[in-house]
Amino acid sequence: MDYKGYEIRENKSDGIVIIKNIRDFNPTHTFECGQCFRWIRESDGSYTGVVRDLAVNVTFDGKDMLIGNCTIDDFINVWYQYFDLERDYSEIKKELSKKDDIMRKAVEFGSGIRILRQDLWEMIISFIISANNRIPMIMKIINNLSEMYGNKIILGDKICYTFPDINKITNENIDNIRICKAGFRCKYIFNASMMVKNKEIDIDKLNNVDTDEARRILRKLPGVGPKVADCVLLYSGVKYDVFPADIWIKRAVEKLYFHHPASINEIQKFAKNYFGDLAGFAQLYLFYYARENKIVD
DNA sequence: CCACAGGACGGCT
DNA sequence: AGCCGTCCTGTG
């Protein structure tokens, strides 16, 4: 069948949906560029992940994208939007490549990156956990929270867990939340959850306000500062003209563009002026390029 | 035993 | 407004 320009095939006996001749997608680029924490690389090179109440396995064979444990309905209702398949990445990459040689190389290196439209609530908690933490630990903590408060899903011989519903957190005692090993971030997780639940901040409103206002709203949450707010907005697909400036991006921009030390503020100002509405995309290409090639240590 | 990690916070000046 | 010590936990 044809769905919005994509040729889709369903292998019902194997439970696989195939998106033929997919362009601008590579699971390694997309899942390991720093935007998500719940996609695990399997020994065969495929990736297993949980989105909403679905657990799937994603493969790219060099030409087609294969989604295991998936139906046509799931693809239309969830995965088409999650992978942002409506967006033309070749146009974005063309524009960014025109900027300079650095971006051209970064875009070529991470040519299969797509910014996932992840769940807003999940991003808030995930990036609160990310503060002053390392990726393996962040993944471990999110997995702990999901095992503690999520629902069980079976995927073949694997047991997966959905990301916890907000009520599961707010109904919990803060001392119990500590079991997830998030340390000093546990109080942020709990208090931020309470504020979201009580509509002290209305996260559904973020789509209807401009980027700076969205940042201000998110930063009312405990544990959410400038960097976390930008990550939440970008990786949930709410705003794309943000530039999450963590220590690695700072180092990369200093080395590749400034050739001298700079403050986070200067980095942000540069990104806004130089990349404009494409700043968010530029951030991921740069981050992935700089880290994978050890441009920065 | 000590340093420090994909920041945020709070208490300074 | 900027600077800086501190914070859980795990790893080196």
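Owing to the predicted nature of the structure, the values given are computational and were not obtained by experimental measurement.
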Just checking, is any N or O donor in the side chain of A:E108 or A:S111 under 3.5 Å from an acceptor N or O on the other one? no

side-chain contact (heavy atoms from CB on, under 4.5 Å), that's the test. Do A:I76 and A:D74 meet it? Break it down for me. CA-CA 5 Å; A:I76 291 171; A:D74 287 347; over 6 Å; no

How about A:D100 and A:Y274: does a side-chain donor come under 3.5 Å of a side-chain acceptor? yes

Output the rounded distance in Å from CD1 (A:I264) to P (C:dG2). 13 Å

Using whole Å, what does the distance between atom P of nucleotide B:dA5 and atom CH2 of A:W248 come to? 8 Å

So if I define the base as every atom that isn't primed, P, OP1 or OP2, how would nucleotides 5-12 of chain C read as a B/S/- string at a heavy-atom cutoff under 4.0 Å? --BBSB--

5' priority, DNA chain B, between A:F287 and A:R219 [closest heavy atom]: A:F287

For this output row, return yes or no: ring centroids of A:F270 and A:F258 closer than 6.0 angstrom. yes

Lys/Arg-Asp/Glu bridge criterion (N-O < 4.0 Å) met for A:K158, A:E42: yes

So, A:N11 versus A:S13: side-chain donor-acceptor pair below 3.5 Å or not? yes

Could you check whether A:D241 pairs with A:K272 (Lys NZ or Arg NE/NH1/NH2 to Asp/Glu carboxylate O, under 4.0 Å)? no

Can you find a heavy atom in the side chain of A:Y289 that is under 4.5 Å from one in the side chain of A:L284? no

Strand-adjacent residues in residues 222-239 of chain A, judged by heavy atoms under 4.0 Å from DNA chain B: A:P222, A:G223, A:V224, A:G225, A:P226, A:K227, A:V228

Mind checking if A:L221 touches a base, just sugar-phosphate, or nothing, with heavy atoms under 4.0 Å? sugar-phosphate

Give me the distance, rounded to whole Å, that separates C:dG10 from B:dA8 when you measure between the P atoms they each carry. 22 Å

In whole angstroms, the gap separating C1' of B:dA8 from CD1 of A:I129 amounts to 15 Å

For DNA chain B, please output the secondary structure as dot-bracket, reading 5' to 3'. Pairs are Watson-Crick or G-U wobble, both atom distances under 3.5 Å; mark crossing pairs with [ ], other-strand partners with |, unpaired with a dot. .||||.|||||||

Result for ring pair (Phe, Tyr, Trp, His ring centres under 6.0 Å) between A:Y288 and one of A:F31, A:F281, A:F109 points to A:F109

A:V78 vs A:L54 side-chain heavy atoms within contact, under 4.5 Å: yes

Hydrophobic cluster identity match, A:I159 and A:L155, side-chain contacts under 4.5 Å: no

